[in-house]
Amino acid sequence: MKRADTEARRRAAREIDAAFASLARQRNALETLLDAGDMAAAGSEAGRFGEKAGQLRRLLAAHLPETGPPPDAFDREVCCDDDEHALRMEMPERLHAAMSWLGKRRRETLEALRGHSRAFYFLRGCLVLALAAMLAFGGRAVWKAAVHRQELAALSDFDVDLLAAPDAVPRDFKTAGLLSVERGEGHVWRWGVGPRTVLAFVLYEPRVMRLALRLSNPVPGQTLTVTTNGQETSWQLPQAKPWMRDQDDFSTTFTGIVGLNTVLVDYRLYNQHGMAFAPDNQTPFAAAYTEIRLTTRRP
């Protein structure tokens, strides 16, 4: 009789261990979905996790009655009512709270079933709890890192039009040597002034960059040296043209790098330097741009 009772206790202990291990695997699968940002699948998996956690709770209670209430997260069946924001922000903590409570109940139940010393189970419980905490922290850290990467990637995707939308520039995008937008007689332009116009911006992921320029050139014999991340191109404009007629176009593609990127436009000639097409004005006008556009594309 005693032997049969001992065997029954061992079977119950094995069943509890197997159920807890299965729940831990399901928890890991749920955290993987959260890390991947698959909120629809994560919501469904959260419901299944809640059902399995409830089954384990009832199994433990059948062998050792509960002496304290479960955490609030467990009462809500470790589920977030299909709220995507709640899934992202609250689910990792709820999972940790539920698994910690069930882990404690498991240790207490196994101790009662197996009759091992309290010291052994205290040490084992501390190790399991520490491992659970490490897993929970690691899962949240991975999830936060994934969200951060998505935010940075979004900052690296832009289409900047410095004529049509001069203020709609991304964070960490600066200009110099470029006057404000002017309008007149149906035309819109921005003066690039000598000796140099600069576009500087930060990328958080590599991108393929396209620079497009269009201008009305008032300076005969003008040369623009366009340098994109150290790659230099000479743009020759030998003839001055009537105001806003027969405009000149330039475009180039270059590699955008993680960190600081620069586009430099150096002017060989500009007003009051090598020539004076506006002798009564000391502003170093060099080129009247009607398009300055910088676009990113993922490699």
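No experiment lies behind these values; they were computed from the predicted model shown.
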Atom CG of L102 and atom CZ of R105: how far apart are they, to the nearest 0.5 Å? 9.0 Å
Residue pair Y270 / P218, side-chain heavy-atom distance below 4.5 Å: no
Can you measure from CD (E205) to CG (L155) and round to the nearest 0.5 angstrom? 10.0 Å
Salt-bridged, R214 to D248, with N to O below 4.0 Å? no
From CA spacing to verdict: side chain to side chain contact (heavy atoms under 4.5 Å, CB included), L64, L60: CA-CA 6 Å; L64 184 68; L60 294 169; over 6 Å; no
Answer yes or no: is there a donor N or O on one side and an acceptor on the other, between the side chain of R9 and the main chain of A112, under 3.5 Å? yes
Check whether the side chains of Y289 and S216 place a donor and an acceptor atom closer than 3.5 Å, and report yes or no. no
Do R293 and L162 have side-chain heavy atoms sitting under 4.5 Å apart? no
Can I get a per-line list of side-chain donor-acceptor pairs under 3.5 Å for residues 232-240, giving both atom names and the distance, sequence neighbours left out?
| residue | atom | partner | partner atom | Å |
| --- | --- | --- | --- | --- |
| S234 | OG | Q236 | NE2 | 2.9 |
| Q236 | OE1 | T223 | OG1 | 3.0 |

Considering residues, nucleotides and ligands other than K241, do more than 12 of their heavy atoms fall under 6.0 Å from its NZ? yes
Is there any salt bridge (charged side-chain N to carboxylate O under 4.0 Å, His left out) pair reaching into residues 270-288, and which pairs are they, with sequence neighbours excluded? none
Applying ring pair (Phe, Tyr, Trp, His ring centres under 6.0 Å), which residue pairs with at least one partner in residues 27-46 are found, sequence neighbours left out? none
Between Q247 and T290, does a side chain to side chain contact (heavy atoms under 4.5 Å, CB included) hold up when you go through it step by step? CA-CA 9 Å; Q247 297 179 28; T290 57; 2.5 Å; yes
Any idea which heavy atoms bring S156 and T296 closest together, and the distance? O-OG1, 3.2 Å
Cluster link V193 to L199, ILVMFWY, side chain under 4.5 Å: no
Using only atom types and a distance under 3.5 Å, with no angle test, would you say the side chain of E66 pairs donor to acceptor with the backbone of A61? no
T253 side chain reached by M209 side chain, heavy atoms, under 4.5 Å: no
Min side-chain heavy-atom separation F49-M99 under 4.5 Å: yes
I'd like to check V169 versus F158 (side-chain heavy atoms, cut-off strictly below 4.5 Å). Are they in contact? no
Do L95 and L30 make a side-chain contact, defined as non-hydrogen atoms from C-beta onward lying under 4.5 Å apart? yes
Verify, without hydrogens or angle tests, whether R106 (side chain) and L56 (backbone) share a donor-acceptor contact under 3.5 angstrom. no
When hydrophobic residues are tied together by side-chain contacts of less than 4.5 Å, even through go-betweens, does F173 share a cluster with V226? yes
To the nearest 0.5 Å, how far apart are CD in Q272 and CD in Q282? 4.5 Å
Joint cluster assignment, L163 & L215, ILVMFWY side-chain distance < 4.5 Å: yes
Please check if atom CZ in R207 has more than 12 non-hydrogen atoms from other residues, nucleotides or ligands closer than 6.0 Å. yes
Is the shortest side-chain N to carboxylate O distance from R27 to E31 below 4.0 Å? yes
Can you find a side-chain donor-acceptor pair between S22 and K52 that sits under 3.5 Å? yes
What's the verdict on side chain to side chain contact (heavy atoms under 4.5 Å, CB included) for T197 and Y267, showing C-alpha distance, side-chain angles and the deciding distance? CA-CA 8 Å; T197 293; Y267 307 102; 2.7 Å; yes
N271 side-chain N/O to A278 backbone N/O, donor-acceptor pair under 3.5 Å: yes
Hey, is the main chain of L179 close enough, under 3.5 Å, to the side chain of R190 for a donor-acceptor pair? yes
Roughly how far, to the nearest 0.5 Å, is CG of L113 from CZ of R14? 11.5 Å
Would a single hydrophobic cluster contain both V181 and V160, if residues Ile, Leu, Val, Met, Phe, Trp and Tyr are joined by side-chain heavy-atom contacts under 4.5 Å? yes
Mark yes when over 12 heavy atoms from residues, nucleotides or ligands other than R10 sit less than 6.0 Å from its CZ; otherwise mark no. no
Of all heavy-atom pairs between E45 and A29, which one has the smallest distance, and what is that distance? OE2-CB, 4.3 Å
Flag the pair W191 / L178 as yes when at least one side-chain heavy-atom distance between them is below 4.5 Å, and no otherwise. no
Is it the case that the side chains of R171 and Y204 hold a donor-acceptor pair, with the cut-off being a distance below 3.5 Å and no angle test? yes
Interatomic distance, CG@L213 vs CD1@I292, rounded to 0.5 Å, equals 6.5 Å
Once the angle between the rings of F254 and F201 is folded into 0 to 90°, is it parallel (under 30°), tilted (30 to 60°) or perpendicular (over 60°)? tilted
Heavy-atom side-chain proximity of V263 to V198 below 4.5 angstrom: no
Measure across A286 and Q222 and return the closest heavy-atom pair with its distance rounded to 0.1 Å. O-NE2, 3.6 Å
At their closest point, which heavy atom of L260 faces which heavy atom of A200, and how far apart are they? CD1-CB, 4.3 Å
Same cluster for L33 and L23 if Ile/Leu/Val/Met/Phe/Trp/Tyr side chains link at under 4.5 Å? no
Given the rule in the side chain to side chain contact (heavy atoms under 4.5 Å, CB included) test, do W243 and R245 qualify, once you have shown the distances and angles that lead to the verdict? CA-CA 6 Å; W243 179 248; R245 290 173 53 189; over 6 Å; no
Output the distance between atom CD1 (I16) and atom CG (L59), rounded to the nearest 0.5 Å. 5.0 Å
Any luck finding a side-chain donor-acceptor pair between N229 and N261 under 3.5 Å? yes
Sidechain N-carboxylate O distance under 4.0 Å for R57, E51: no
